[in-house]
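Single-structure report; data block below.
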There are 4 protein chains.
Amino acid sequence: MTLLSSLYTQLRLPHFKAATEFGSTSPPSLLVKNSQQPECSNSLFPPANQSVAAIVFGDGSSHSRLYPLTKRRSEAAIPIAGNYRLIDAVVSNCINSDITKIYALTQFNSTSLNSHLARAYSGARLSKEGFVEVIAAYQSPEDNGWFQGTADAIRRCLWVLEEYPVVEFLVLPGHHLYKMDYQRLIDAHRRSKADITVSVFSRTKDEDLGFGIFKLNAENQVLEFRENPEMNAVLTSISMENLANFDENVKYNFPSMGIYVINRDIMIKLLTEHFPTANDLKSQVIPGAISLGMKVHAYQFDGYWEDMGSIAAYYRANMETIRRTNKAYNFYDRASPMYTLPRHLPPSLVTDAVITDSVIGDGCILCKCRIRGTVVGMRTRIGDDAVIEDSVILGSDSYHHNGTSEGEATSIPVGIGEGSHIRKAIIDKNARIGKNVMIINKDSVQEGNMEANGYIISGGIVVVLRSAVIPDGSIL
Amino acid sequence: MTLLSSLYTQLRLPHFKAATEFGSTSPPSLLVKNSQQPECSNSLFPPANQSVAAIVFGDGSSHSRLYPLTKRRSEAAIPIAGNYRLIDAVVSNCINSDITKIYALTQFNSTSLNSHLARAYSGARLSKEGFVEVIAAYQSPEDNGWFQGTADAIRRCLWVLEEYPVVEFLVLPGHHLYKMDYQRLIDAHRRSKADITVSVFSRTKDEDLGFGIFKLNAENQVLEFRENPEMNAVLTSISMENLANFDENVKYNFPSMGIYVINRDIMIKLLTEHFPTANDLKSQVIPGAISLGMKVHAYQFDGYWEDMGSIAAYYRANMETIRRTNKAYNFYDRASPMYTLPRHLPPSLVTDAVITDSVIGDGCILCKCRIRGTVVGMRTRIGDDAVIEDSVILGSDSYHHNGTSEGEATSIPVGIGEGSHIRKAIIDKNARIGKNVMIINKDSVQEGNMEANGYIISGGIVVVLRSAVIPDGSIL
Amino acid sequence: MTLLSSLYTQLRLPHFKAATEFGSTSPPSLLVKNSQQPECSNSLFPPANQSVAAIVFGDGSSHSRLYPLTKRRSEAAIPIAGNYRLIDAVVSNCINSDITKIYALTQFNSTSLNSHLARAYSGARLSKEGFVEVIAAYQSPEDNGWFQGTADAIRRCLWVLEEYPVVEFLVLPGHHLYKMDYQRLIDAHRRSKADITVSVFSRTKDEDLGFGIFKLNAENQVLEFRENPEMNAVLTSISMENLANFDENVKYNFPSMGIYVINRDIMIKLLTEHFPTANDLKSQVIPGAISLGMKVHAYQFDGYWEDMGSIAAYYRANMETIRRTNKAYNFYDRASPMYTLPRHLPPSLVTDAVITDSVIGDGCILCKCRIRGTVVGMRTRIGDDAVIEDSVILGSDSYHHNGTSEGEATSIPVGIGEGSHIRKAIIDKNARIGKNVMIINKDSVQEGNMEANGYIISGGIVVVLRSAVIPDGSIL
Amino acid sequence: MTLLSSLYTQLRLPHFKAATEFGSTSPPSLLVKNSQQPECSNSLFPPANQSVAAIVFGDGSSHSRLYPLTKRRSEAAIPIAGNYRLIDAVVSNCINSDITKIYALTQFNSTSLNSHLARAYSGARLSKEGFVEVIAAYQSPEDNGWFQGTADAIRRCLWVLEEYPVVEFLVLPGHHLYKMDYQRLIDAHRRSKADITVSVFSRTKDEDLGFGIFKLNAENQVLEFRENPEMNAVLTSISMENLANFDENVKYNFPSMGIYVINRDIMIKLLTEHFPTANDLKSQVIPGAISLGMKVHAYQFDGYWEDMGSIAAYYRANMETIRRTNKAYNFYDRASPMYTLPRHLPPSLVTDAVITDSVIGDGCILCKCRIRGTVVGMRTRIGDDAVIEDSVILGSDSYHHNGTSEGEATSIPVGIGEGSHIRKAIIDKNARIGKNVMIINKDSVQEGNMEANGYIISGGIVVVLRSAVIPDGSIL
């Protein structure tokens with residue numbers, strides 16, 4: 001705790017009491033004596049934009065469950081909701097929570113992610129020392145290999161992460177969709193004087209327990225971590241009916257969200273002293289900290305949270321964005337907007353479209369077509385008499401020119417051709433769907449890999465690959 | 001001409017011959033001897049981004065023909081085509097013509113124009129010494145009044161405009177919609193070795209001759225200027241049939257576009273020596289230069305050009321943007337894109353809309369509605385069962401909050417209410433149209449001022465004012 | 001207070017209690033129940049970046065006491081301390097206090113100020129809805145004149161200032177040099193539940209009482225305002241010895257700093273209902289509010305504060321910046337940095353210089369010269385054998401090219417010529433001091449106007465005008 | 001050639017003739033007929049900003065000859081000349097040559113390079129489709145390893161590099177210091193109708209022949225490439241006396257600069273068809289192209305060029321920057337400025353310094369010290385009575401705080417301590433030199449590795465490592 005205090009002192013920030021002074025109930029003096037060295041303040045903790053640095057992981061893994069969307073990009077760079085990339089949700093959470101020191105660690109198919117982050121978030125000057133810094137995996141005299149896991153990545157980048165004397169690191173997966181006020185998570189961490197606080201999901205999830213589950217005591221302290229719980233046991237133990245019957249001392253099971261607040265000095269000690277060879281935070285460092293007797297607390301989150309563990313989950317998350325009475329993720333909220341790469345596209349041009357329960361990205365060209373239950377991405381072109389239903393169209397990177405840069409001898413332009421019919425499909429960027437194509441999963445295949453033909457089927461959803469060409473008249 | 005040469009020399013730019021060397025047909029040596037002081041080059045003129053500065057006038061006039069759209073903004077700041085402001089067309093022309101030193105002179109209702117320009121175009125660093133600099137009218141010890149006209153404005157700002165040793169100034173009205181490659185205009189100016197080159201429109205216009213007309217000789221040299229020609233005489237003289245019959249020496253009449261290329265030293269002499277009290281370029285300085293025997297050439301432009309001389313012209317220009325086979329103004333052209341303020345709005349959310357021949361700006365919320373022949377601006381909200389036809393909706397500045405910043409005690413949100421019907425109308429920004437409102441010009445009024453009720457009628461088009469509130473059930 | 005509450009509610013910001021809950025001493029629950037609608041928080045007030053908008057006045061007045069530095073620029077645009085403009089101090093205070101909605105109202109010689117603000121502070125995206133928006137005086141159908149004073153300027157711009165539903169406006173003169181944590185001022189205002197809080201200087205000033213003085217009671221409430229107090233009376237009454245002897249109920253006199261926190265609704269009422277024709281805040285609106293019985297509090301500031309009331313004060317402020325143990329204004333403080341226009345100038349090139357107690361701006365070229373007690377501005381060129389003492393050199397806008405853009409037939413380059421000697425002088429930007437010039441105020445003139453010769457003398461300090469040419473061998 | 005023509009056509013750019021029309025001497029018509037589809041122009045080739053993409057290699061190699069400067073950064077990220085990074089020279093050359101599509105390929109210690117590029121060059125909007133895009137090495141399903149060489153790196157990134165339909169790629173090493181107008185190189189390439197043009201150095205170099213040498217015929221066509229020539233043979237054959245005596249048909253030897261212009265289609269064919277497994281451009285692909293009979297031309301460059309092949313070369317390049325009559329590299333040239341990360345640092349504060357033939361970066365704090373023949377980097381702090389001679393001080397990343405972020409228990413602040421004496425040394429960033437330290441290479445060591453003590457010696461130059469601590473009183 002003295003280290004914490006010295007860090008606070010070291011920050012020399014204008015207005016806060018050290019955390020140890022929390023609980024003082026003496027009323028602030030009405031007679032303020034000002035000077036350049038502030039004497040007191042009503043703020044209890046240092047402001048997050050000076051005392052917290054976020055570490056965002058740009059990649060899920062190299063064996064992505066979201067293939068083929070991750071064929072050319074990392075999970076966090078996948079387009080979502082017409083105008084965004086997945087990473088925008090987490091970065092926007094940070095900015096809206098006033099956490100503006102953000103490191104993004106990337107290595108898997110990182111090109112488009114790096115480009116997006118650099119163009120969307122660099123160059124901001126107005127906020128004091130704010131930045132989104134991309135740290136791509138790199139070779140060095142000491143380390144010739146790739147990041148071996150989350151713990152290894154942070155350890156190798158410590159010399160960069162140590163740049164600012166922050167108090168806590170906030171570790172965040174970059175490919176989840178949710179809105180969280182991290183300020184509240186950090187406040188809870190500080191009030192509990194924990195070494196580590198993990199964010200846990202307070203409701204039942206029927207999948208996506210990839211981050212393991214925690215047992216807590218009544219004070220939300222973590223007692224135990226289990227990595228790959230059997231689903232049934234978990235579902236039983238965390239069911240809400242059971243919860244009501246348990247007494248104060250019984251422990252509960254909560255799914256981890258992979259989100260951790262770790263005190264800076266604790267992080268350094270864990271990675272360099274206690275577990276200098278551990279590669280993974282989730283399965284090695286966090287359980288190790290518990291076993292060392294460190295104070296690990298849990299913070300319960302009960303909002304919308306989707307961790308994109310499958311094509312089906314990605315599809316579902318997109319479908320959520322088109323509901324008008326959106327309990328899931330509000331893109332139209334002035335108080336916590338979602339940021340992304342600024343654009344100056346022309347407005348969408350609509351010749352004669354019937355559009356139902358859909359979302360239309362910027363700069364689309366929609367001819368005489370019908371669109372229902374669909375997310376239509378930026379610059380999507382849809383031809384006459386096309387019908388699109390219950391689908392996710394990722395759009396294109398530029399308006400089509402004949403003789404494309406990708407050089408193939410095709411006369412099929414980027415977009416959806418005339419008379420085509422698409423149902424329950426995901427069409428990746430720059431795909432060229434010909435005329436009178438049927439993408440309807442006609443054989444009701446659940447899983448299938450037709451990558452040579454430009455698509456795969458996952459969970460019954462047809463996914464057309466990036467830049468794929470689907471010839472006129474094809475029936476998928 | 002020696003002054004021109006010295007300016008070229010002074011620029012010390014990497015690769016061009018002075019204009020006087022034009023016409024040399026000696027083949028460039030294949031044996032290039034390089035050094036830091038270039039010896040020769042195949043470029044005939046200095047690059048426009050170093051040798052030309054554009055002077056854009058942000059305001060038409062204080063007696064705007066576009067009232068009430070200009071009640072709170074200058075003409076050049078009027079939204080157009082869903083996502084843009086008028087000034088974006090001229091600034092984009094400059095950027096696409098590689099003219100990146102741009103001064104915008106403003107004074108009339110300039111707040112939103114200044115804000116738009118500062119946010120859309122400042123801060124660019126990649127292009128060498130490029131900028132869009134807003135020069136707002138200002139008080140000084142010498143000048144306590146406002147700009148008295150285009151010539152007066154340039155004269156007062158000469159101390160700023162002289163900052164870079166450019167060769168020519170390109171004078172541009174800021175409120176016209178057209179695409180012109182100014183590079184070609186400047187090349188023509190340089191090849192003809194003119195002192196001044198005026199851009200003239202090469203086709204018949206049945207209105208908008210506000211910049212006067214020119215008589216030319218066969219070499220496109222200007223012989224005479226007439227400010228307020230009678231329309232019939234003009235129409236006759238420039239009709240294309242007549243043109244064919246005229247012989248080489250006959251002079252023609254061409255409408256001026258208000259666009260001038262003026263050599264820098266000529267500009268300075270005209271404004272400070274020859275006509276030190278002239279306020280207007282069009283009617284005083286340009287005719288004066290002709291009468292002084294200066295070499296004034298014309299450059300004929302035959303593309304799309306709309307100078308927004310009336311509410312009807314503004315309405316017409318918007319209607320042009322929704323035609324699919326757009327001969328008028330191509331917003332989807334990668335080679336000459338239209339720039340504007342970058343945004344990161346959410347995609348448009350469409351519940352159940354039938355949209356025909358329309359343009360939909362970014363981030364709209366369209367419920368169960370029918371939209372036909374309409375430009376729908378950014379963030380427009382349209383309620384259930386609304387019908388919008390042949391209209392221009394300028395959109396809103398933010399998503400509505402109850403208890404608005406403008407404070408009025410209204411329960412009507414920004415946007416178009418349920419069950420309302422709008423036909424051939426312009427709805428300015430942030431207007432609040434209630435439920436079951438009919439904006440159909442029921443009495444077929446041509447001109448009418450109902451400003452107290454929140455609208456005027458001009459040329460048979462109903463224009464609802466910015467932030468106006470039209471109560472439920474109103475019939476206009 | 002209900003209006004305040006509703007504003008707080010309206011803001012719908014993530015984490016604060018309404019001000020009315022201040023004083024509650026119940027400990028925050030350790031068991032945090034999270035949701036997207038926050039339930040409680042440990043923050044007492046809404047964050048400043050959402051609830052406060054700063055209104056900065058770019059101009060002192062048209063009869064500037066800083067002439068000739070204000071001949072071509074407003075007071076707030078005067079360069080200071082080598083690398084900055086005066087306005088940077090106030091804008092940096094705002095940013096460092098997390099106030100990021102900043103309106104700058106300008107009209108007097110505003111060109112360079114507008115340009116500086118647009119290039120230095122626009123385009124920032126990382127901070128939530130932060131901006132520096134320049135509002136230049138403008139003509140409109142309703143208002144054809146210039147701003148008639150601070151109150152008139154705010155009243156005319158209310159339609160812009162009302163854009164965000166902030167709780168308070170913070171009114172700031174733009175030409176003062178000081179560091180203040182406005183957050184503390186605003187906290188004091190909120191704790192006292194005042195309608196208006198004025199910042200007063202807590203120490204004796206022997207000049208610059210231009211904002212008048214206040215009488216306070218023991219609770220810092222303002223009882224009376226006097227605009228033009230006699231100096232002696234003031235000095236006596238605020239002397240510290242006297243202070244100690246006064247009893248609790250005696251009122252004191254404090255100089256106003258021209259800095260006001262005014263609740264948004266109070267501002268609107270004062271300007272539009274109570275005093276709809278008042279032009280000045282200081283002498284009309286604030287005294288009027290006191291007379292209406294509004295609650296006007298004072299906030300005492302005892303740090304460094306210089307309000308640049310004369311050439312002598314400006315000179316003194318520059319001299320402060322070169323002291324190493326700087327109690328005045330710390331430019332090297334990481335916790336509260338001073339922002340300005342980002343540059344990428346080359347490093348200063350020094351041939352053979354002896355430099356004592358001086359400050360050297362970016363990109364200077366210093367030959368064999370001696371510099372003592374001098375502020376040397378950006379891109380300053382000093383020739384061989386020049387001696388500069390106790391002076392302020394404002395530098396130049398670009399590296400000199402023979403045949404300058406300002407066109408005069410001079411062979412004297414921008415900068416200080418060989419063998420010249422400058423003592424206790426201010427050399428404005430782009431001045432061309434020839435060889436062997438003596439600027440030493442040889443006749444010990446106190447005040448003199450030799451503007452035709454390129455300089456004036458004020459308070460014994462020679463001020464060479466912007467772009468002035470001082471021929472070789474001149475002795476001033 | 002038809003492919004070239006089709007590419008030109010495809011670009012649909014406003015004003016150029018296809019290359020095949022080069023040589024036409026018919027005078028351009030004075031009667032310009034304008035339309036939106038340009039008919040003719042006086043420009044012979046398409047503008048570089050649309051038709052050329054630069055590929056910059058951010059790393060020299062993993063076995064850097066510049067160690068220890070490359071311990072934590074790639075070669076291109078090494079600070080140079082006080083205010084810059086090496087990569088700035090090449091990127092500035094591109095921008096000044098109007099080449100604004102720039103890809104930087106990085107993998108070795110790339111963190112600080114990526115950060116610099118993202119912050120210095122991203123976000124520019126004014127230039128049409130300009131960008132500096134960092135492509136960090138990445139893992140993907142197909143490629144799990146690092147870039148294996150320049151050819152391999154380009155091949156793996158082709159899917160990104162193909163984004164724009166450019167005509168040529170310009171391949172550039174990122175760690176060379178020189179000014180070249182690439183426009184002239186590209187013009188020479190286009191006039192000669194070569195498939196590949198290599199830039200060769202036209203003068204003798206006594207080292208740094210790492211890119212091999214070329215034999216040319218009289219028309220500058222490349223006949224042969226030799227990778228590791230013996231120095232003497234080279235020196236003899238390219239000596240200028242010999243040159244004069246050779247007849248027309250004799251071939252010469254010229255050192256390659258590692259700079260190549262390669263037609264886009266040729267690049268794709270070479271990497272994917274002809275040499276699909278070649279890893280290196282220099283030793284495999286270029287010689288291969290010659291052997292295939294492709295037309296490979298040479299472009300002779302005779303300006304200043306330093307390729308930083310050793311600590312000694314790096315030291316020498318820095319020393320060049322402090323010469324006043326700089327033939328080497330002019331940092332003060334308005335026509336071709338050097339760009340870098342924009343900063344807003346305070347001016348340098350000088351207490352009492354004698355500075356001779358030195359360069360002082362931004363924001364230094366120089367106490368009573370003597371500095372001679374030294375490059376002093378940004379934010380350098382030099383204590384009283386220190387003497388610095390013939391050295392390169394790289395400066396620091398921030399102003400020192402006691403209790404540094406790097407955590408060591410040292411009381412020595414960042415910078416040069418009081419009474420220390422430094423001669424012919426390179427002090428890397430954030431080093432902490434104590435009081436009365438002598439860094440004078442007292443034993444005249446030529447090569448030595450004392451890394452454990454915080455320094456190495458290379459070529460007789462002491463190099464103190466980044467963040468090293470040199471205790472008080474040390475003598476090196």
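The figures here come from the full heavy-atom set of this structure, side chains too, leaving out hydrogens, waters and symmetry mates. Just so we're on the same page: letters track the sequence lines, and every chain starts at 1.
With values rounded to the nearest 0.5 angstrom, C:R343 atom CZ is found 8.5 Å from D:H344 atom NE2. A distance of 11.0 Å separates CG in D:L349 from CD1 in C:I355, rounded to the nearest 0.5 Å.
The two residues D:A81 and C:P347 come nearest to each other via the heavy atoms O-CG, 3.0 Å. C:P342 and D:P342 make their closest contact through CB-CB, 3.2 Å (heavy atoms, listed as atom of the first residue, atom of the second, distance). Considering every non-hydrogen atom in both D:Y84 and C:P346, the closest pair reads OH-CA, 3.0 Å.
Not counting sequence neighbours, C:H116 has no partner by the ring pair (Phe, Tyr, Trp, His ring centres under 6.0 Å) test. Scored by the side-chain hydrogen bond (donor to acceptor under 3.5 Å, both in side chains) test, C:T356 finds D:D352 as partners (sequence neighbours excluded).
Residue contact with chain D, scored on non-hydrogen atoms closer than 4.5 Å, involves the backbone of C:L341 exclusively.
For the options D:I360, D:V359, D:V354, heavy-atom pairs under 4.5 Å to chain C are most numerous at D:I360. Ranked by heavy-atom pairs under 4.5 Å with chain D, the first of C:L366, C:V375, C:D362, C:V376 is C:D362.
At least one donor-acceptor pair closer than 3.5 Å links the side chain of C:N83 to the backbone N or O of D:L345.
Side-chain contact between C:V350 and D:D357: absent, with no pair of heavy atoms (C-beta onward) separated by less than 4.5 Å.
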